[in-house]
Structure formats: structure tokens, C-alpha cells
There are 2 protein chains.
Amino acid sequence: MHVRRPATLASLAAELGVSRTTVSNAYNRPDQLSPELRRRVLETARRLGYPGPDPVARSLRTRKAGAVGLLLTENLSYAFRDPAAIGFLEGLALACEDANQGLLLVPANPEKEDVASVHRAGVDGFVVYSVPDDDPHLAAVLERPVPTVVCDQPELASVDRVGIDDEAAITQVANHLIELGHRRIGVVCMRLARDRNDGFVPPDRQRAAHFHVQRSRLAGLAAAFASAGVDWAQVPVVERFDHNTSCGASAAAQILDRDPGITALICTSDILALGALNEARRRGLRVPQDLTITGFDGIHEAERAGLTTVRQPVLEKGRAAGKLLLDAHERTRPRTVTLGTELILGSTAGPPRGAEERWFGP
Amino acid sequence: MHVRRPATLASLAAELGVSRTTVSNAYNRPDQLSPELRRRVLETARRLGYPGPDPVARSLRTRKAGAVGLLLTENLSYAFRDPAAIGFLEGLALACEDANQGLLLVPANPEKEDVASVHRAGVDGFVVYSVPDDDPHLAAVLERPVPTVVCDQPELASVDRVGIDDEAAITQVANHLIELGHRRIGVVCMRLARDRNDGFVPPDRQRAAHFHVQRSRLAGLAAAFASAGVDWAQVPVVERFDHNTSCGASAAAQILDRDPGITALICTSDILALGALNEARRRGLRVPQDLTITGFDGIHEAERAGLTTVRQPVLEKGRAAGKLLLDAHERTRPRTVTLGTELILGSTAGPPRGAEERWFGP
DNA sequence: TGCAGAGACCGTAACGGTTCAGAACCAATA
DNA sequence: TATTGGTTCTGAACCGTTACGGTCTCTGCA
């Protein structure tokens, strides 16, 4: 007794006594054969348990995978825990849907240097979202001969780009606080590089940050506050490797412990800011009377909390990335899409402690 | 001048004067050739711009795609808007990550009957999440000769299954309300079939519902309340095709308009329940004094709102589905994983109007 | 009757790899 | 010296399909 190999297009053709081309046409170009023959082909296929043309073989031949790869440097599951990432994913999914393309989430564990997953991904293009600029996975993507769009990345030769003007956006926050009178501030930022450094960040690490977004925001803050006469080197900047509210809280605590005199805490994400709010509450600090706190992103939870922040169009970012990738792509120079941002004046920013007395006092 | 075709394994081998096998080994089995030759191969590859073995061709030969397909009947982007779906995705992503597999989101527009996207997906298996049991995409998946795991689906021959006991879970809610004294209730449920029916649901449509989860929950409610002497045929059940808080609100309104005498509103999802809460607030109804409202799922927002609901382990569901699919799969009988649920006593369920007087009155 | 043109079907050549059973070579052992 | 064993590399088969450029047959019209 022989092992019954699964039916293929060829075996089906043999069974029917027609050519493979004809069977292929039965599935892909019904107009190329008579309805009667097509019916017979399909019926025999059913009888033999032939499931239709193999998608991989078809991809090989047509050179189309019908899917877009998404590379995130975070653990895959992280993408579903961060509201900003979710918004981005939704936008990207929308674009893929429109183009009837699949969306392949490529596992890229930041702790392993193993880029095999990138090499194995059968996709027609890549979107790279917020990875450090020295990430080996990013390098692996760039080696693949498929179009690529990077998000929140520095300019890169021959690759399309989507992002916002992080420096300008955070400058709005800075100027707002400067106008309110803040001069003694602290900063809580996200991971700056692939190595874990949960603590204060010396200026050289700030400048050498491998996450373009964080680097730009810190640079924007430094420039703005320097213009206002603040010695940036004295400003406490605390970094957190993980991204959740507990980290925001502990980072805020770290700054407040060392420098209780600060009047404002600028966080480079809403999640961190929400954590900082928790810590302020825990310490009995009133916001904004005792402490001003600001965020970045404009996620839903921030709105509910009345956070002063910058809203960036995360969904639009994802959609733009998808469109850029899927648009009939004349190999011209790389395109860049820069989306707008908006300063949201919430209720967590006010004049610094003592300012009222000075302004309205006797 | 000739168009330079992209380098392939064969052209690289020719250039080096070695066999294709050797080049292949240089990438896949470094121990099969001398380090020196391997170095030469890799260097020549770099020089020729050879990006390494083509993933699709490799998949064809090895019969492994390195990815898992996820089929949702909703628009792809919906998955990122529904908290329960996000939780599921996160769990599934975790399982994929562990197994170093990609996760391909297959676009399956419920309005098109076009199942080509399922046929085109180059994956080693499918997870099907909460689709109607008559969905053509589901049928297409089942025809593919790859292992499949369905979630929240009725039992299906030869396919693994993950789910909860919806009927038992909702029965807990029902019994809780029955004990509190509720006899006049209304029900708000999610989409029951592929056709849109925003309104009251006659009993036959309830029984014929194509979404297993909704059907089971309605059946559980019907049985429990019938045992308590309630004539189920008189219970207003309202269906909503879309799934968001506005729908929950309008469905609640529809029931309250027709039947202001009801004392409890049972919703088959937290999202709908949150919408119902909004509508109650709008009408000036106190919850739970004037109206009891319950949900299902146990999402974060529900907890914040103090909703009485059933918590189901959505993340665990996704993870279980992934594990089931990826576990070395001896072709035994189909396996079923049924996860536990927990009744969450929030602050939105209380005795019906007037009950207090009867219990605690003079 | 001859011939053009349309419709239906086919043969061949890729597509770009992996795999497996050896061949060739060399050093060590009996 | 013959045998053994190990390393390194090769040849050919195979994975399942689609693209391309035909051929063949039949119909309708001059």
C-alpha cells in the first residue's frame, strides 16, 4: 500500500488528461477554458481533495507574496499593549485592507541578535516601526530587495519615511512651560538605546541615543530651555527601558527624590506621564499647583486624565506608511511624509509653585 | 547593455565556481563547509548584492512558511479597536513569539465573499477567531491542508478548539440577577449573523444565530430565566451589528423606549454595557437603583466603570490557541481547551426598583 | 471552397531554493 | 598496503506553480 501523496495541480491534470496550464487556468482565469471543462476540473479537484493552487508555489512563480511585513523591535506582544502602537497598527491594517494585502508581524526579539525571522518573511515589502537605528533587524530588512518604509527613523538612503517633527512638537511643550515660568524641570524619557539604563542620563548618552524619536525630543527640549537661560547639563533626565505607568512613576520618584525643587516634569510619552501623575498623587503633590506634568502622544487615557500633551496622529501614521509602501512605486528618490502635531492644553500644567503669590500677592 | 538580473544562489555559485549546494550550506549549515570557503561565499554574496536565500523559494522546498495565519471576520482594523480582540491578539502574539513564528493577519472583509486572501496566505496553520459558523472564509480555511485552531466556535470535526463555556458563564449572571429579584429584563447582544439586523430579535433568529458565542449566551439566559418562571418569548432582545458604545447606548434606548418597566439590562459584551451605562446616565436613571446593567468580557474599561460582568481570560485564549497550533501535533482526535471564567460583582447590579422597600421597609 | 479569426487548450521553461546519496580526498589505523 | 573514517564538496532530483508563446479546431463569411 502506498502513501497517498497530496494532490497537486500536476496530478490533477494527469487524472483529467489535460495540461497543468488548463488546471491553473481553471482557478485563475476562468475565461480561458470552457465552462464545462472548468466544472470538471473543479469537481475532480474536490474528489481528489486538491485544495487549490499552493500559495507558496504561486508566490514563487508570480513574485508576489500578498503581504506586508511589519518589524517592531519590541516583543511582538508589546505592540498590543501600547496604545500608540495599537493606533499605528490599526492605521497600517486599514491601508493593507484597502490594498487587500495581509499584514505579517515579524517576531524580532530585541534581546536576540537573531535576524533569521526577517530573512524568512515572505513579504512584498516592510514597514519598520520605531526601532533603534542600530538594530540588526533593521539592517537585515534593508538588505532585502523589497521596498521599505521606516517610521520614526532618521533619514535613510533610498527608503521612504513617515514621521512627525518631534523636535518642533516638543519645543511647543517646552515653550509653553517656559512661558508659564518653569525653569527647574525634570525629564522622563523612554529607552534610548538597546542596552538597559534605568536611571539618570548623562548628556552624551542623550545625544548618542539610538531611538531617533527620543533623541529628537531631548534635543528639542535642550535647545528650548537653553534659550530660556536654563543650564541643560543640570537638568535631571531619567530613562526607563520598559514602557508602562509603573516605570513612569518610579522615574518621577527618582527625579523628585534627588531634586525636590523641580516645578515641572516633562515626559516623552503619555504612558510615562500617567505614571508620573500616579506618583505625584502618591506623594500628595497637587497637579498642577505643586507640580506640572506633561506627556506626549495624545492617547485616549491621557485625554481622560486631562493631561497636557502633544497629540500626534498615530493612526494616520500607520495608514501613511502602508500607503507609501503599497502605492505603485516608481523608483524615484525616497519620499518623506511628515505629519502634523497639536499641543493639547490639559489641566496638568500651570505656573510653578510660588508664582501665583508673586503675581497676585499683596 | 543588459539588464542586470538580481543575483540568485545559482548565479553566486557560478561566480564562485562551486555548486549551489555549497552556497546553500554556507547559509544554512556552516559546519558543512570549510570556514575559508564560507567566508568567500559570504563575501562574494555581499559584492554581488545577493540578499541571501529567497524566503519564498525556501518555503516551497521546505514546506514551512514560518508563520501562522489569523482569520478574523471583522475588518482587519477592527481587531485593534476592540479591547477583547486586542487581548486575544496579544496572547496569540506571545505564543508565536515563543515559537519564533510570524503572525499573518489575513484580510477577510466580511462584506465580500472573496476568499482569495485565504488561498493566498502562505502559512503553516490558521487560527480562526470569532467568525460566524457559515462564513465562507472559514470554509476556505478548513479546505486548506494545514492545522487549524478555532476560537469561540462550535465543535467542528477534526479541528482543535479554544473557548469558554459561554452558556455556563452567562448563567452565573442570570442567576445573580434572579437572586437579586429581577424578572423583567432586557438583553442587548452583538451581531448574530452576517446580515445586519439592528433591532429586536425574534426567538428563531436567536436560536439560529451564526455566532456561536452569542447564540450560547442567549441560550443560557433563556434557560436560566425560564427556570425562574420568566416567559422568554416576552423578553426584549436587541441586536446590534456594529460593536461600540454608541451601539450599546442606542440598543439600550430601544429597549427602554418600548419597555420602560424592565429592571435589568443584560449585555453580551462590556462595550455594549458601557454604552448602556451612558444611555442610563443620559436618561437620569441611577445604576443600579433604577436599572441594573451587566456586561461580558471583563475588559479594563469595565473594571474602571465598576461594571458587573464576567471576566474571561482573553489573553490566555489567544495564547492557548497559538500553543495548540504550534505544538508538535500528533494527528490525534481534535483537542479542546475550555478556559475558566469568573463572575465579577461590580456596582452596576442591585435589587430591582422597589425591592428595597419590600425588604427593608417598616 | 478557402481562409481569417476566435476560442480552447497545451508544452516548455522558468521561479530559487533544499536535500540526499555519494565522490574525492586525506590522514590515521590495522 | 589495505581499510576505515572524517571532512568537504557535488549532481541531480524535487518542491508546485504560472508565464509565455504557441497549436489546433471550429465557425462564419466571401
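What's counted below: heavy atoms across the whole structure, side chains too, no hydrogens, waters or symmetry copies. Sequence lines set the chain letters: A, B, ... in the order given, protein chains first and strands last, and positions in each chain run from 1.
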Is there a side-chain contact between [X] and [Y] (heavy atoms, below 4.5 Å)?
X        : Y        : result
A/Pro136 : A/Arg194 : yes
B/Leu92  : B/Arg319 : no
B/Val127 : B/Phe88  : yes

[X] and [Y]: which non-hydrogen atoms are nearest, and at how many Å?
X        : Y        : result
B/Ala321 : B/Val149 : O-CG2, 3.8 Å
A/Phe241 : A/Ala193 : CE1-O, 4.0 Å
B/Val56  : A/Ser59  : CG1-CB, 3.6 Å

Please tell me which of the listed nucleotides, [options], lies nearest to the side chain of [X]?
X       : options                : answer
B/Arg61 : C/dG17, D/dT17, D/dT8  : C/dG17
A/Thr62 : D/dT17, D/dT18, C/dT18 : D/dT18
A/Leu37 : C/dC9, D/dG16, C/dG17  : C/dC9
A/Pro53 : C/dG17, D/dT17, D/dC15 : D/dT17

Within residues 18-29 of chain B, those residues having any heavy atom closer than 4.0 Å to DNA chain D are B/Val18, B/Ser19, B/Arg20, B/Thr21, B/Thr22
Under a 4.0 Å heavy-atom cutoff, the residues of residues 116-126 of chain B touching DNA chain D are none
query: With sugar-phosphate meaning primed atoms plus P, OP1 and OP2, does B/Leu33 contact a base, only sugar-phosphate, or nothing at under 4.0 Å between heavy atoms?
result: sugar-phosphate
Q.
C/dC15, OP1 or OP2 - any side-chain N/O from A/Arg63 closer than 4.0 Å?
A. no
In whole angstrom, give the distance that lies between atom [atom1] of [X] and atom [atom2] of [N].
X       : N      : atom1 : atom2 : value
B/Leu60 : C/dT18 : CG    : C1'   : 10 Å
B/Asp54 : C/dC15 : CG    : C1'   : 9 Å
B/Asp31 : D/dT8  : CG    : C1'   : 11 Å

Charged N to carboxylate O below 4.0 Å: is that the case for A/Arg144 and A/Asp124? no
When A/Leu89, A/Val123, A/Leu104 are each screened for side-chain contact (heavy atoms from CB on, under 4.5 Å) with A/Leu70, the one that passes is A/Leu89
One should read off an interatomic distance between B/His210 NE2 and B/Gln153 CD, to the nearest 0.5 angstrom, of 12.0 Å
